[in-house]
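Here's the structure, in structure tokens; my notes come after.
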Amino acid sequence: MQEMKVLLVDDEVDFTSAIQKRLARRGLTVKVAQSGEECLSSLEKFPADVVVLDMKMPGMDGLHTLREIKRRHPLVEVIMLTGHASMESAVEGMDQGAFHYLMKPADLDELVYKLEDACKRKEIRERKIRSTDNGEES
Amino acid sequence: MPDRQYYRSLHRSMAFTVVLVSLMPLALITLIGGYQYTEIYKGRVMAHLEEIVHKHEQNIDTYLLEKVGEIRVLADNMGVDCFLDEGKLENLHKSLMKRHGGGFVDLGLVNSYGIQVAYSGPFRLGLADYSQSVWFREVQKRTVYVSDVFLGLRGVPHFIIAVQFESEGKKWVLRTTIDFVAFNQLVENIHIGRTGLAFIINRRGEFQTKPRIDLSAEVPFLRELLQKATTDAREEGSFALKKARDMVVSTIAPNPLTGRETIFLSTPLKQGDWLLVYQQDSADAFSDLAQTRNLALVVLLIGVIAITFVAFYLSKRMVKRIIAADKEKEMMNEQVIEAGRLASLGELAAGIAHEINNPVAIMVEEAGWVQDLLAEGIDKNGNTDETKRALTQIRTQGARCREITHKLLSFARMIDPTTMELQLNELVEEIIGLSNQRTKYANVQVETELARDLPTIAASPSEMQQVLLNLVNNAVDAMEKEGGTLTITTKRDKDDVLMTVADTGCGIPRANMQRLFDPFFTTKPVGKGTGLGLSIIYGIVNKMKGEISVNSAVDVGTAFTVRIPSAAKTGVPSDENAEERG
């Protein structure tokens, strides 16, 4: 299996750097972004499989960013990180096409499993698209 | 809480209003109805009396005409010879007595010289000379004459009917004496009530009948009445004269005899020679009316007393209810304020939970990182340094948590609604500190312009906190979509403190301005806002004798200005209280 590429989006630098280190140790390629805007711009250069997105951020908030990601990169999977009080935004995020949501602070192992699941789904969908494309061509 | 004076005046004005409103129609009905009834009743009584008098007038006239008619029949048919014969005359007289109920006391024939030549009757008058009598002179002029009542030759009250007739070229007069008692009875029969009585007077004011009581003192007055009746008739002309003879004239005047107001009814008799007078005291004639009036007055009085009593009793009960309701309302207000405080706290808590969540998440991750490192082996290259860095990070984040919890605790501690002297600027700083998480995520820039020389205000810290927190929350809500700038300004205005909380948010539509401070008015979706915030602020500011005003333009922003009197103006609560709180 190809190495998973993950983009971490959170306004707390200390938080993202800690997670980045831990995920990197588990063999994942991790990049960080501190805001929705940064997330979108780095997605242009960095072909991430999964985006881990904090819902509550100053500036462009999580839902807004999610909508943009889904519009620009429909195949990229998104896992949301939410606070306790923002279950509503979590539900809305799921409606908008997020893969899953996790309560903050999340267990790292759980996050890794979810990341793998998301990756798998992405691969399957990519393969499907490719085969239909081929079928159409032949 | 309104004082006793207020409730007392409320009670009074309520009672007076009820009394006034109830009594006005009652009094009007009584007055109008009473007046109308009195007029109608008086009219009826007068009409009734007039009718009676009129009837009797006719009776008396008929009686007299009858007597005259009978005598004339005799004079026309019997011939002088028959009267001259004493035996025949006596038979005639007896027959008259028998057939006409004893009205004719005697019967006599008088020759043209006034000498009575024949006589039948109890007085044995024989050859009396009437040549000087008034009636004899009158009958020669008028042919038929009915005299006034007089004592005459016999010294007994009587009156005479005399008829002149011609026989064989000689003039004779047939005269008869009419029994005064029988005639008197005709009039005496008119006897109504206690004081109602009737009598007949002639033109000179002499009584023709004998009234039940002595009325001689009334004579001058009656004469006047008589004159008036006749002059009235004369003034009206010949046609009216004739009519006036039949008419009953009524007067209500004080009776000179008794001094009481008396009704006089008079009608002419015997072609105006006599006057039938009926008199009765007004009080007696209208005694039923007086009774009715007294009854009405008693009922009115009872009504007034009952209404007054009920009005006072009811309004007292009402005011009691109002007092109870006011107390309840006050308690409710306190509860609403508390509920509102909790609601704004809840909003705050959501922000704080997120704020506390971040350092916790970092700590969890750093701890996990350390575990990872330990699993790898602490002595491997650089792992020790990395562990140290991670632990420092955990400490830093822990300290961050502690700071947040301290802030919250200091907020929660101040729930005492007691008024104390406090500096508004400090409170503003505190609220901004509490809200910075919310403002940060809503992209709101917070700016403050706090006057340094701001006087202290006398307020409850928790209530003031609520005012500020609600205003700030509202401002942030208004700017949530696009961010903006929140400006809190405090300044001194003479003895007042002015605080303005301005935002650059969506503004308030003009239509909502009117209801802005109404409880439960909210534009937020169901479940998001209670609609209590501004109404609570309004209540709190009002309680402090302050004012709150709003200035807003859609899509430009809103500014709430709160004016609070300084502590120096309102009077500072005692130091003892402030110290107790610590």
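A note on names: the letters A, B, ... follow the listed sequences, proteins ahead of strands, and every chain is numbered from 1.
B:Arg402 CZ: 12 or fewer foreign heavy atoms inside a 6.0 Å radius. More than 12 heavy atoms of other residues, nucleotides or ligands sit less than 6.0 Å from atom CE of A:Met94. Heavy-atom neighbours of A:Lys31 NZ from other residues, nucleotides or ligands within 6.0 Å: at or below the threshold of 12. Summarising the local packing, CD of B:Gln445 is surrounded by 12 or fewer heavy atoms from other residues, nucleotides or ligands at distances under 6.0 Å. More than 12 heavy atoms of other shown residues, nucleotides or ligands fall within 6.0 angstrom of atom CD in A:Glu37. Crowding of A:Tyr113 atom OH: a count of heavy atoms from other residues, nucleotides or ligands under 6.0 Å not exceeding 12. When the shell of 6.0 Å around CZ of B:Arg389 is examined, it contains more than 12 heavy atoms from other residues, nucleotides or ligands. Applying the 6.0 Å contact sphere to CD of B:Glu482 captures no more than 12 heavy atoms from other residues, nucleotides or ligands.
Using a 4.5 Å cut-off between heavy atoms, A:Asp11 contacts chain B through its side chain alone, with no backbone atom that close. Using a 4.5 Å cut-off between heavy atoms, A:Asp54 contacts chain B through its side chain alone, with no backbone atom that close. The contact between A:Arg22 and chain B is made by backbone and side chain atoms together, counting heavy-atom distances below 4.5 Å.
Interface remark: of the candidates B:Leu373, B:Val364, B:Asn358, B:Asn358 forms the most heavy-atom pairs closer than 4.5 Å to chain A. Interface check for chain A: of the options B:Met363, B:Gln397, B:Glu376, the most heavy-atom pairs under 4.5 Å are formed by B:Glu376.
Note on B:Asp372 versus A:Arg26: salt bridge recorded, some NZ/NE/NH1/NH2 to OD/OE distance being below 4.0 Å. A salt bridge is defined here as a Lys NZ or Arg NE, NH1 or NH2 lying under 4.0 Å from an Asp or Glu carboxylate O, and A:Glu12 with B:Arg400 meets this definition.
Minimum heavy-atom separation, A:Pro105 to B:Ala361: CB-CA, 3.5 Å.
To the nearest 0.5 Å, atom CZ of residue A:Phe15 and atom CD of residue B:Glu366 are 10.5 Å apart.
Between the side chain of B:Asn357 and the backbone N or O of A:Lys104 there is at least one donor-acceptor pair closer than 3.5 Å.
In this structure the side chain of A:Lys21 never reaches within 4.5 angstrom of the side chain of B:Glu365, judged on heavy atoms.
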